[in-house]
Amino acid sequence: MNISAKPVMKPEDFRLIKEFIAETFGLVLDEAKENYLALKLLPRIEELRLSTFAEYYSYLKFSPHSAEEHLKFISLITNNETYFFREEAQLKVFAETILPALKERKLKAGNRTIKIVSAGCSSGEEVYTLAMLILESGSFLWDWDVKIIGIDVDPQTIEKAKAGVYSGRAFQSTAVYYKERYFSKSEHGLQVRDILRKLTSFTQGNLLCFDRTLAEQDIDIIFCRNVMIYFNDDTIKRIVESFERILAKDGFLFLGHSESLSRISPHYLPLRFTGTIVYRLKERNG
Ligand SMILES: C[S@@+](CC[C@H](N)C(=O)[O-])C[C@H]1O[C@@H](n2cnc3c(N)ncnc32)[C@H](O)[C@@H]1O
């Protein structure tokens, strides 16, 4: 036996790990991802001094360190692509239509709080973008309490979001105005200013047990963009149902441009705008 040979992922290993990923995180890997998964997991297997993918699977599932390993594992396999001001048409609707409607509704109810969740926030660019748009709207200053909460299953992205230091592609769609106004120069890039930090917070959590991750209720808007493309319909239904439980009456849901609720839930009304759809939660008994 060649002791220096690298472990090889057998079809059975792939099947088991794939099932584990779907059950635990909702993510669906297609068959073509076998080599990709093997490459991602090899360094971890070497670090743990294991010899086969089957041993790694047992470690993930049954070792006393499995909870810790889940977090390392998920950081290896997630797609964290994101950047500031992603999907401009949608953000325009958020800033110019949804925020004013929300303000009017809140003022009528004598309630000056706004709660927004970015579910699958990756390294935080979406959360800080929403904070900038809210500040620019000038609508929720002074005695308003604004909270934008970012949640992601990948602990490394949450650390990055909390650090709030960005460079390069993160700014591919960001106007100079925003960079100058909301960021300051730091050793490793541009750092978000305190004015954004005051409105934002980040938590590591799994959307499959969203109710346990998030203590807040009556969320006004949930952004869950470019996350559910990796889930199957059953998982999407489960997550969308958990959104229903935490959304405020008439709360809004923003999905990514290639995501839709059409086959998923009758409980949201699609509001159609140029270039985008926003979903509004229907009356619970309606
Ligand atoms: C492609 S990024 C999208 C980031 C951002 N929403 C955007 O549109 O730019 C998808 C994010 O979803 C997260 N994610 C995947 N499965 C998740 C789960 N079960 N619970 C929470 N976050 C998850 C990934 O870690 C990743 O950071």
Side-chain angles (χ1 to χ4, degrees), residues 17-30 33 36-37 40 67 70-91 93-94 116-133 148-164 166 168-174 200-214 219 221-243 246 252-260 275-279:
I17 298 176
K18 200 170 111 126
E19 273 172 25
F20 165 79
I21 295 172
E23 266 164 32
T24 315
F25 304 108
L27 301 168
V28 179
L29 284 194
D30 62 48
K33 285 280 166 76
Y36 164 88
L37 190 64
K40 291 279 177 184
H70 286 188
L71 299 181
K72 293 192 173 140
F73 174 83
I74 195 68
S75 288
L76 292 172
I77 64 159
T78 46
N79 170 354
N80 305 121
E81 163 76 8
T82 187
Y83 49 91
F84 293 104
F85 295 96
R86 187 176 191 179
E87 298 192 22
E88 203 185 331
Q90 215 175 39
L91 296 174
V93 171
F94 166 75
I116 300 177
V117 166
S118 162
C121 66
S122 189
S123 36
E125 288 87 333
E126 182 169 272
V127 169
Y128 292 124
T129 298
L130 300 177
M132 286 187 265
L133 291 173
I148 312 165
I149 305 160
I151 294 175
D152 201 283
V153 73
D154 179 348
Q156 286 184 11
T157 61
I158 289 296
E159 285 315 306
K160 183 156 189 245
K162 285 181 179 168
Y166 300 95
R169 282 173 53 80
F171 290 111
Q172 61 185 280
S173 296
T174 311
T200 53
S201 63
F202 296 94
T203 308
Q204 189 277 333
N206 188 345
L207 295 185
L208 264 62
C209 29
F210 201 44
D211 315 41
R212 265 186 273 146
T213 305
L214 190 71
I219 305 298
I221 307 176
I222 296 177
F223 276 75
C224 187
R225 305 192 303 167
N226 308 303
V227 179
M228 302 213 266
I229 26 171
Y230 306 105
F231 297 159
N232 66 26
D233 281 1
D234 286 343
T235 306
I236 299 177
K237 276 186 191 141
R238 187 168 146 196
I239 293 175
V240 165
E241 273 168 27
S242 68
F243 289 167
I246 61 163
F252 297 101
L253 174 60
F254 285 74
L255 302 180
H257 71 276
S258 59
E259 296 159 322
S260 148
T276 194
I277 295 177
V278 179
Y279 293 92

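Positions are given from 1, in the same order as the sequence printed here. Both counts, for ligands and for their atoms, begin at 1 and track the order of listing.
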For atom 8 (O) of ligand 1, the protein heavy atom that lies nearest, with its residue and separation: Asn226 ND2, 2.8 Å
Protein contact to atom 20 (N) of ligand 1 [nearest heavy atom, distance to 0.1 Å]: Leu207 N, 2.8 Å
Residue, atom name and distance, where the atom is the protein heavy atom closest to atom 9 (O) of ligand 1: Thr82 OG1, 2.6 Å
Tyr230 N/O to ligand 1 N/O under 3.5 Å: no
Aromatic plane relationship, Phe84 with Tyr166 - under 30° parallel, 30 to 60° tilted, over 60° perpendicular: perpendicular
Aromatic ring proximity Phe243/Phe252, centre distance under 6.0 Å: no
Within reach of ligand 1, part of Thr78 (heavy-atom separation under 4.0 Å): side chain
Test log, rule side-chain contact (heavy atoms from CB on, under 4.5 Å), inputs Cys224 and Phe254: CA-CA 6 Å; Cys224 187; Phe254 285 74; over 6 Å; no
Stepwise side chain to side chain donor-acceptor pair (under 3.5 Å) test for Thr157 and Glu159: CA-CA 5 Å; Thr157 61; Glu159 285 315 306; over 6 Å; no
Heavy-atom closest pair, residues Gly26 and Phe231: O-CD2, 2.9 Å
Side chain proximity check, Ile149 to Leu214, heavy atoms < 4.5 angstrom: yes
Heavy atom of the protein closest to atom 5 (C) of ligand 1 (residue, atom name, distance): Gly120 O, 3.5 Å
From CA spacing to verdict: salt bridge (charged side-chain N to carboxylate O under 4.0 Å, His left out), Arg86, Glu125: CA-CA 9 Å; Arg86 187 176 191 179; Glu125 288 87 333; over 6 Å; no
Nearest neighbour in protein (non-hydrogen) for atom 7 (C) of ligand 1: Arg86 NH1, 3.3 Å
Ligand-residue contact atoms, ligand 1 with Asp154, heavy atoms, under 4.0 Å: 25 (O)
N/O separation below 3.5 Å, Leu27 to ligand 1: no
Reported CG-to-CZ distance for the pair Asp233 and Arg238, which is rounded to 0.5 angstrom: 14.5 Å
Candidate pair Asp152 and Ser122, rule side chain to side chain donor-acceptor pair (under 3.5 Å), full reasoning: CA-CA 6 Å; Asp152 201 283; Ser122 189; 5.0 Å; no
Atom indices of ligand 1 within 4.0 angstrom of Val227 heavy atoms, with elements: 12 (O)
Polar contact flag for Asn80 and ligand 1 (N/O pairs, less than 3.5 Å): yes
Contact atoms of ligand 1, heavy-atom distance to Asn206 under 4.0 Å: 18 (C), 19 (N), 20 (N)
Shortest protein heavy-atom distance from atom 27 (O) of ligand 1, along with the residue and atom involved: Asp152 OD2, 2.7 Å
Side chain to side chain, Leu29 and Leu37, heavy atoms closer than 4.5 Å: yes
Proximal candidate to atom 1 (C) of ligand 1 [heavy atom criterion; set Thr213, Asn79, Leu208]: Asn79
Heteroatom distance test (Ala119, ligand 1): nitrogen or oxygen, under 3.5 angstrom: no
Gly205 neighbourhood, listing ligand 1 atoms whose heavy-atom distance to it stays under 4.0 Å: 20 (N), 21 (C)
Phe20 side chain near Phe25 side chain, heavy-atom distance below 4.5 Å: yes
Heavy atoms of other groups near Glu88 CD, more than 12 under 6.0 Å: no
Under 4.0 Å to a heavy atom of Glu126 - the qualifying atoms of ligand 1, by number: 5 (C), 6 (N), 7 (C), 8 (O)
Test of proximity, Thr157 against ligand 1: N or O pairs below 3.5 Å: no
Proximal atoms of ligand 1 relative to Phe25 (non-hydrogen, under 4.0 Å): 19 (N)
Side chain to side chain donor-acceptor pair (under 3.5 Å), paired with Arg225, selected from Gln90, Glu259, His257: Gln90
Nearest-contact summary for atom 17 (C) of ligand 1 - protein heavy atom, Å: Val153 CG1, 3.6 Å
Phe231 heavy atom under 4.0 Å from ligand 1: yes
Per-atom contacts, ligand 1 versus Ser122 - under 4.0 Å to a heavy atom: 4 (C), 27 (O)
